[in-house]
Every structure is written in structure tokens, then in C-alpha cells.
Visitor: 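This is the structure, below, for whatever I ask next.
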Number of protein chains: 2
Amino acid sequence: MDRREFTMSKKSNNKVLAGLERVGGFASAQELHLVLNRDSESIGLTTVYRALQSLVDANTVDILRKEDGEAIFRLCGASHHHHLVCKSCGKTVEIEGGVIEKWAEQAGAENGFREIGHTAEIFGICNAC
Amino acid sequence: MDRREFTMSKKSNNKVLAGLERVGGFASAQELHLVLNRDSESIGLTTVYRALQSLVDANTVDILRKEDGEAIFRLCGASHHHHLVCKSCGKTVEIEGGVIEKWAEQAGAENGFREIGHTAEIFGICNAC
DNA sequence: ATGAAAATGACAACCATTTTCATTTTGGGT
DNA sequence: ACCCAAAATGAAAATGGTTGTCATTTTCAT
């Protein structure tokens with residue numbers, strides 16, 4: 001009877017994915033909620049949170065935290081890079097992170113972990129500040 | 001009489017530093033507040049937050065975020081390592097991060113940043129889970 | 001069409017963090 | 001020592017992102 005496994009493409013998940021595509025980069029749950037409703041896509045804030053949560057669980061969406069602790073999301077597969085952020089003015093540079101991937105994979109493997117993921121951010125003061 | 005010039009060493013900052021030393025690794029503001037008051041160091045939660053803030057500004061303390069967004073703090077200079085955390089059971093392994101130091105330093109230098117710092121954490125599922 | 005299960009969303013609850021503000025402490029000038 | 005202004009403190013209230021609740025709606029297999 002229950003043959004539904006991974007076919008469940010919840011409507012809300014699709015709406016949220018569409019929103020993330022339109023935004024292109026990172027967006028917070030609340031921003032996403034605004035964007036979606038601005039474009040006559042009626043969807044509740046709670047549902048946006050739930051959709052994001054399930055997309056994160058499904059490894060479709062990445063989550064990371066701004067310095068103030070707010071969660072921001074982006075589509076996985078969007079080229080995986082890291083950020084160099086100026087603590088003073090907020091200027092952000094995208095950094096290639098192949099080294100980090102390897103480091104994380106290796107450290108995980110050495111300790112018998114699977115489904116390895118990682119976060120890595122660099123911060124400092126840019127030359128304009 | 002008072003020849004300690006510009007040791008603007010606020011009493012609360014010292015209490016908080018002592019707490020961080022005692023804890024040894026990472027601690028949240030609230031944990032710190034508990035620890036301090038448990039040891040008959042009377043200090044308010046608000047003051048703990050303010051002290052941590054000023055210590056972070058003074059580059060005496062590092063701040064990073066747990067996955068749930070809560071801020072955790074540690075003394076700078078406390079042996080610099082990273083964590084491999086099991087998403088399921090919370091088991092944590094300390095990982096050497098020399099590669100990361102170099103990666104961060106280099107990326108910062110290449111982009112004209114100074115006072116480079118970084119965060120990096122690895123997560124996955126441990127073999128017991 | 002029908003009933004059960006899943007999904008939805010308005011609203012309330014939660015909780016870490018910040019702000020407010022009244023009070024206390026500190027420290028320099030006299 | 002004494003004043004007094006500025007800094008520090010902390011209890012309580014406010015803030016704000018996120019999660020829980022629950023009544024209602026939608027989906028879907030029969």
C-alpha cells in the first residue's frame with residue numbers, strides 16, 4: 001500500500017525551490033516568504049520554514065548562519081564555495097574550497113563517519129576598511 | 001595610589017574570562033552564566049552577554065554558532081582545532097586543522113584582508129549510529 | 001464519492017539575545 | 001574625605017527568528 005517513498009513532491013517544497021532559484025544565492029526564510037508572496041504565490045511563513053527544513057534534510061538545500069545567527073539557505077549544487085567576509089563593512093568574496101572538501105572527507109573517513117558535510121568561513125578586515 | 005594605568009579590566013570581563021578558562025573549550029553565554037553563579041560568583045546574565053561582546057570585540061574571545069544558531073565562545077589561543085560532530089548522537093572528535101589555517105591565511109592575503117580568522121566544522125554520521 | 005492521512009497556515013509559545021532603565025559602583029577633581 | 005558625573009550592573013521587559021499547536025483544507029487510494 002504505502003508505495004509513496006520519494007515521489008512526494010510537496011507543492012510547498014516546489015514553491016520554495018522556485019523562490020530559491022529566483023533569488024539565485026542565499027536567502028533567509030523570511031526573505032523567501034516575502035519574495036514568494038510578493039509574486040502572488042500564497043504561502044504561509046510556517047510552511048516556508050517546514051519546506052526549507054525538509055529540503056535541508058533531503059540535502060537539496062544548504063543552510064548556514066549569518067553572524068547574527070539568522071539562518072540563510074541556498075540551493076545545493078550551486079557551485080560549492082566558501083566566503084571571505086569583512087567584519088567591518090560586510091564585503092564578501094567567494095573562495096574556492098577544494099582543499100576543504102578533501103580535508104573534511106578525509107577527517108570523516110579516518111574516524112568512520114559517513115554522510116560528511118562541512119562549514120567553513122573566513123573573516124577579516126578588507127583593505128578598504 | 002593607583003598605578004594600574006590603562007588596565008581597563010572590567011571586573012565582569014575577568015569573571016567571564018575565568019569562567020571560560022575553567023570550562024576549557026566552548027561555552028554558550030547561558031552556560032557560562034550558570035557556571036559562574038554556581039561557583040558563588042554573582043553576575044547577571046546581561047553582564048555576561050556584555051562582557052562576552054566586548055571580549056569578542058577585543059579579539060580575546062572567539063565566537064561561533066552551533067547548528068541551532070546559539071552562539072558559543074572560547075578563549076582565543078586555546079589550542080586551535082576543529083570538530084567532527086555526529087549529527088545523530090552528538091559524538092565529537094577533535095580534528096587537526098593546519099590545512100585550514102593555511103587555506104584561510106592564503107585566501108585572506110590574496111584578497112587584501114588582514115586580521116584573518118576562520119571557522120570550520122565537519123559533521124556527519126558516526127559508525128555507531 | 002468517502003474517509004483517512006498528509007499538508008497547510010494563523011496564531012501562540014519558545015528561547016537566545018538585546019534593550020531599557022533604575023540603581024549601584026567607580027574614580028577623578030577639589 | 002567628600003562630591004558628583006560617568007560607567008557598570010542586573011532585573012525585567014522587549015525583540016525577533018524559529019518552532020509547536022491545532023483546526024481546517026487538500027490529497028489520494030479505494
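Letters A, B, ... mirror the listed sequences (proteins, then strands); counts begin at 1. Everything quoted here is computed from the prediction, not taken from an experiment. FYI, side chains are in, hydrogens and waters are out, and symmetry mates aren't considered; it's all heavy atoms of this structure.
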Visitor: Which is true for A/Ser42 with a 4.0 Å heavy-atom rule: it touches a base, it touches only sugar-phosphate, or it touches nothing?
Guide: sugar-phosphate
Visitor: Looking at side-chain heavy atoms only, is the closest gap between B/Trp103 and A/Ile100 below 4.5 Å?
Guide: yes
Visitor: Considering Watson-Crick and G-U wobble pairs with both distances under 3.5 Å, what does D/dC28 pair with?
Guide: C/dG3
Visitor: Is it the case that over 12 heavy atoms from other parts of the model lie below 6.0 angstrom from the CD atom of A/Glu67?
Guide: no
Visitor: Please report, rounded to the nearest Å, how far the P atom of D/dG17 is from the NE2 atom of A/His33.
Guide: 13 Å
Visitor: Under 4.0 Å between a side-chain N or O of B/Lys11 and OP1 or OP2 of D/dT9?
Guide: no
Visitor: Rounded to the nearest angstrom, tell me the gap between atom CD in A/Glu31 and atom P in D/dG17.
Guide: 10 Å
Visitor: Quick check for you: among D/dA12, C/dC11, C/dT17, whose closest atom lies nearest to any side-chain atom of B/Thr46?
Guide: D/dA12
Visitor: Could you tell me the separation between the CG atom of A/Asn37 and the P atom of C/dT8, rounded to a whole number of Å?
Guide: 14 Å
Visitor: Starting from P on D/dG17, measure out to NZ on B/Lys66 and report it in whole angstrom.
Guide: 20 Å
Visitor: Given C/dG9, D/dT9, C/dA16, which nucleotide is nearest the side-chain atoms of B/Glu70?
Guide: C/dA16
Visitor: Measure the distance from CG on B/Leu45 to C1' on D/dT9 and round it to the nearest whole Å.
Guide: 13 Å
Visitor: How about A/Leu64 and A/Phe26: do any of their side-chain heavy atoms sit closer than 4.5 Å?
Guide: yes
Visitor: Checking base pairs now: Watson-Crick or wobble, both atom distances under 3.5 Å. What partners D/dA23?
Guide: C/dT8
Visitor: As a test of reading the structure: which of C/dG9, C/dT17, D/dG10 is closest to the side chain of A/Ile43, going by heavy atoms?
Guide: C/dG9
Visitor: Let me know the distance between CD1 of A/Ile63 and P of D/dG17, rounded to the nearest Å.
Guide: 15 Å
Visitor: Of the listed nucleotides (D/dT18, D/dG10, C/dT17), which one gets closest to any side-chain atom of B/Arg50?
Guide: D/dG10
Visitor: Measure from CD on A/Glu67 to C1' on C/dA16 and round the result to the nearest Å.
Guide: 17 Å
Visitor: Under 4.5 Å between any side-chain heavy atoms of A/Phe113 and B/Leu84, yes or no?
Guide: yes
Visitor: Of the listed nucleotides (D/dT18, C/dT26, C/dT18), which one gets closest to any side-chain atom of B/Tyr49?
Guide: C/dT18
Visitor: Taking atom P of D/dT9 as reference, at what distance in whole Å does atom CG of B/Leu52 sit?
Guide: 13 Å
Visitor: Is there side-chain contact between B/Leu45 and B/Gln30, with heavy atoms separated by less than 4.5 Å?
Guide: yes
Visitor: Is any side-chain N or O of B/Thr47 closer than 4.0 Å to OP1 or OP2 of D/dG10?
Guide: yes
